Amino acid sequence: MSARILDGVAIAGEIKQELAGKVSAAKDKGYTPGLAVVLVGDVAASQIYVRSKIKTCGELGIYSELHTPPSTVTTEELLDLVAQLNLRDEIDGILIQLPLPDHVDTSKLLEAVDPRKDVDGFHPINAGRLLSGAPKSEVLAPCTPAGIMEVLERSGIPVAGQRAVVLGRSNIVGKPIAAMLINASATVTVCHSKTKGIADYTREADILVAAIGRSGFVTADMVRPGATIIDVGINRITGEAEFEKFFSADQARREGFLKRGSTIIGDVDPAAFAISSAYTPVPGGVGALTIAMLMSNTVKAAAMRRA
Ligand code: GUN
C-alpha cells in the first residue's frame, strides 16, 4: 500500500477558513484581533517568514504591525518596546522572531512578554501550563507542535496508546511536542544528539517526529513499515551530490533544483517516507501549519483577554 501524504497546505487552508469566521465574529463584537511582530536585523530567512506571517494576517482580517529594530539594538531597548506592546489594548499577540543577535538576552526578552499575549507559547508560564496538561482551549502553545497535533487529529491518526518517538529536544519543537503527545496519551520517547543507538528507538515508533535539522537523517532502515512520519526539518541543499543522493529519481524536482540552484529537504530521506503509512512532506507539510497556528493563537489570545 502506498504512503498517504498528509497535506499541510490543505489542512492550513481549512484552519484559516475557520479563523476568518472567528475574526469576523470578533469584529461583530467590537474588536479586531491584533498581532505585533518584532523582527530584529536582516536575517534573510526570518524576513521571509515574517513577511508571510504579516500577509496571512491581512488575508484573515487580523490587524498587524511590524517593528524592525536594527541588529545593533540593545536588550534594554527591546524590553522597552515589549513593555509598550504589553500595554496597548489593540495588540493581542506579540511575536519576537528568533533567532535574535547573540548580544541580546533572548530568555529575558521572551519572559518580558505578557503571557496573555505570548502567541508563540514561549513564556515559562505558558510552557508550564502546557506541561500541566491544561485544556487546549486555554493554553497558548508553540505553533509548530500545535500544528503537528492538528495534522494528526484532522487526518484521523490515532495518538492515544501509540508509541511516539521525537527526535530533537528544542524548546520550540521537541520539548513541547513531547508534552502535547503525552497529554494526548501517547507513550513518548525523546531522542537527541547524545542518544546512543537512536535507530533502536525510532524503529519502535508508531509516530515518528523528526525535528533535528539534519537533511535526510532518518533513513528507511530506521523506520517501522507502516509508521506515521512527521518531518519538521527545513534544510536547504545546494550541492549536486546531495541532490542526487535524495532525489535522483525525481525529474520534476530536478528542474526546480537546476533553476534555483537549491532545494529544500526535511530531516527524513524520501526512501523512509516510502515505507510509512502516512507522512508530512517538505515542503508542504507542517511548515504551512506553523503560520496558521500563529493566527489561531492570536485569535485565541484576543478572545481570552476579553473573556
Ligand atoms: N524562528 C523559527 N521558528 C520560530 C517560531 O515559531 N517563532 C518565532 N518567534 N521565531 C521562530
Side-chain angles (χ1 to χ4, degrees), residues 8 12 15 35-57 62 64-69 71 73 75 78-79 81-82 85-86 91-102 104-115 117-127 130 139-151 166 168-180 209-214 230-236 264 266-267 280 282-283 285-298 300-301:
I15 294 171
L35 175 69
V37 179
V38 181
L39 171 64
V40 177
D42 48 13
V43 178
S46 293
Q47 285 171 334
I48 294 169
Y49 291 138
V50 162
R51 213 176 297 143
S52 215
K53 290 170 184 178
I54 298 279
K55 180 165 165 257
T56 311
C57 283
I62 294 173
S64 68
E65 61 183 40
L66 176 60
H67 299 260
T68 55
S71 58
V73 72
T75 302
L78 288 170
L79 286 170
L81 172 59
V82 167
L85 296 171
N86 281 342
I91 298 299
D92 297 292
I94 301 170
L95 179 133
I96 302 165
Q97 185 67 28
L98 303 179
L100 293 168
D102 288 345
V104 173
D105 186 338
T106 299
S107 303
K108 198 168 178 184
L109 206 58
L110 296 180
E111 288 185 31
V113 173
D114 182 338
K117 298 189 176 188
D118 171 36
V119 285
D120 254 328
F122 292 164
H123 193 287
I125 291 220
N126 288 320
L130 181 66
V139 180
L140 293 174
C143 300
T144 299
I148 294 171
M149 296 309 289
E150 289 288 336
V151 170
V166 176
R169 55 175 159 175
S170 70
N171 290 333
I172 297 184
V173 183
K175 286 182 204 164
I177 190 63
M180 289 179 196
V209 180
I212 35 178
R214 287 173 59 181
I230 305 292
D231 190 352
V232 187
I234 301 177
N235 310 295
R236 183 172 294 279
I264 299 289
D267 292 346
T280 59
V282 177
V286 294
L289 267 301
T290 299
I291 294 185
M293 298 318 291
L294 171 67
M295 301 297 122
S296 171
N297 274 349
T298 304
K300 194 196 266 186

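Both ligands and their constituent atoms are indexed starting at 1 by order of listing. Everything numeric here is computed off the predicted structure, so don't read it as measured data.
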Identify the two heavy atoms, one from Ala211 and one from Val232, that lie closest to each other, and give their separation to 0.1 Å.
-> CB-CB, 3.9 Å
Non-hydrogen atoms of Leu140 and Lys300 that approach each other most closely = CD2-CD, 4.0 Å
Okay, side chain of Asp267, backbone of Gly213: is any donor-acceptor separation there less than 3.5 Å?
-> yes
Protein residue, atom and distance nearest to atom 8 (C) of ligand 1, heavy-atom basis | Asp120 OD2, 3.4 Å
For atom 10 (N) of ligand 1, grab the closest protein heavy atom and report residue, atom and distance to one decimal in Å.
-> Leu98 N, 3.0 Å
For atom 11 (C) of ligand 1, grab the closest protein heavy atom and report residue, atom and distance to one decimal in Å.
-> Gln97 NE2, 3.5 Å
Give the residue and atom name of whichever protein heavy atom lies nearest to atom 3 (N) of ligand 1, and the separation in Å to one decimal.
-> Ile172 CD1, 4.5 Å
Under 3.5 Å donor-acceptor, Asn126 side chain and Gly121 backbone | no
Find the distance between CD (Gln97) and CD (Gln47) and round it off to the nearest 0.5 Å.
-> 10.5 Å
Which ligand 1 atoms does Ile96 reach within 4.0 Å, using its non-hydrogen atoms?
-> 8 (C), 9 (N)
